[in-house]
Amino acid sequence: DAGITQSPRYKITETGRQVTLMCHQTWSHSYMFWYRQDLGHGLRLIYYSAAADITDKGEVPDGYVVSRSKTENFPLTLESATRSQTSVYFCASSESPGTGIEQYFGPGTRLTVT
Amino acid sequence: SQQGEEDPQALSIQEGENATMNCSYKTSINNLQWYRQNSGRGLVHLILIRSNEREKHSGRLRVTLDTSKKSSSLLITASRAADTASYFCATDDRSGYALNFGKGTSLLVTP
């Protein structure tokens with residue numbers, strides 16, 4: 001399917017487990033982003049990537065790892081999940097955000113850490 | 001850190017009425033965007049206004065930008081029940097690549 005997809009859509013995991021959230025886009029956009037959305041905080045940037053093999057930290061990167069071996073995929077890994085990482089995670093992509101181009105968002109992954 | 005702050009946090013109106021949401025930001029911007037989020041869904045881009053623009057229209061949407069006051073407003077005219085959603089303003093973050101989002105305005109449009 002065309003667009004940007006995330007999997008899984010819902011995930012329940014236990015504290016201390018490793019979990020990977022997947023993001024896939026079909027537009028060949030250079031830039032990809034991971035945000036988390038929490039009540040009272042809005043959306044906060046975790047990591048972003050400007051191209052394959054180029055990633056950089058956002059506002060709240062601690063406890064997360066990203067990789068981008070292919071342009072279309074941008075997985076987010078929680079190395080050892082904590083309850084504070086319970087959140088809704090959104091992946092987004094953009095052609096060239098430096099010029100004020102819109103970002104396209106996936107449907108989100110609701111993660112619960114017990 | 002959040003750059004934009006929307007006001008009000010929540011707004012309830014009836015179909016046919018106009019809805020106005022405001023966004024204030026702290027530092028200079030190149031452009032400002034508005035997004036909509038329906039319940040349980042991802043964000044959808046609505047409109048972008050550049051720092052050298054004062055007003056922009058798209059269908060029933062009207063966005064204004066006042067860089068001297070560091071504020072923007074989003075007006076939805078003749079609202080419909082389908083406009084029920086959260087609305088976020090967003091500005092470029094320090095990297096110039098990602099976006100800083102406000103906490104959003106929750107709009108409820110009742111029939």
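Throughout, a chain's letter reflects where its sequence line sits, starting with A, and its residues are numbered from 1.
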**Asked** Hey, quick one: are A:Leu21 and A:Tyr31 part of the same hydrophobic cluster, counting side-chain heavy atoms closer than 4.5 Å, chains of contacts allowed?
**Response**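 Each belongs to a different hydrophobic cluster.
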**Item:** Linked, directly or transitively: B:Leu32 and B:Tyr87 (ILVMFWY side chains, under 4.5 Å)
**Value:**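 Linked within one cluster.
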Measure distances from [X] to the heavy atoms of chain B and classify the residue's part below 4.5 Å as side chain, backbone, both or neither.
{"X": "A:Tyr35", "answer": "side chain"}
{"X": "A:Arg9", "answer": "side chain"}
{"X": "A:Gln37", "answer": "side chain"}

**Option in A:Ala50, A:Ala92, A:Pro107, A:Cys91 with maximal non-hydrogen atom pairs under 4.5 Å from chain B** =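 Most heavy-atom pairs within the cutoff with chain B belong to A:Pro107.
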Heavy-atom count around [X] [atom1] within 6.0 Å, excluding the residue itself: above 12?
{"X": "A:Ile54", "atom1": "CD1", "value": "yes"}
{"X": "B:Glu53", "atom1": "CD", "value": "yes"}
{"X": "B:Arg54", "atom1": "CZ", "value": "yes"}
{"X": "B:Arg60", "atom1": "CZ", "value": "yes"}
{"X": "A:Tyr104", "atom1": "OH", "value": "no"}

Once rounded to the nearest 0.5 Å, what's the spacing between atom [atom1] of [X] and atom [atom2] of [Y]?
{"X": "B:His45", "Y": "A:Phe105", "atom1": "NE2", "atom2": "CZ", "value": "10.0 Å"}
{"X": "A:Phe90", "Y": "B:Gln37", "atom1": "CZ", "atom2": "CD", "value": "4.5 Å"}
{"X": "B:Asn100", "Y": "A:Glu59", "atom1": "CG", "atom2": "CD", "value": "7.0 Å"}

**Prompt:** So which heavy atom on B:Tyr35 is nearest to which on A:Gln103, and how close?
**Reply:**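 Looks like OH-N, 2.9 Å.
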**Request:** Identify which part of B:Leu99 has an atom lying under 4.5 Å from any heavy atom of chain A, answering side chain, backbone, both or neither.
**Result:**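 Its backbone and side chain both get close to chain A.
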**Message:** Would you say that A:Leu43 contacts B:Phe88 through its side chain, given a criterion of any heavy-atom pair below 4.5 Å between the two side chains?
**Reply:**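 The answer is yes; the side chains approach within 4.5 Å.
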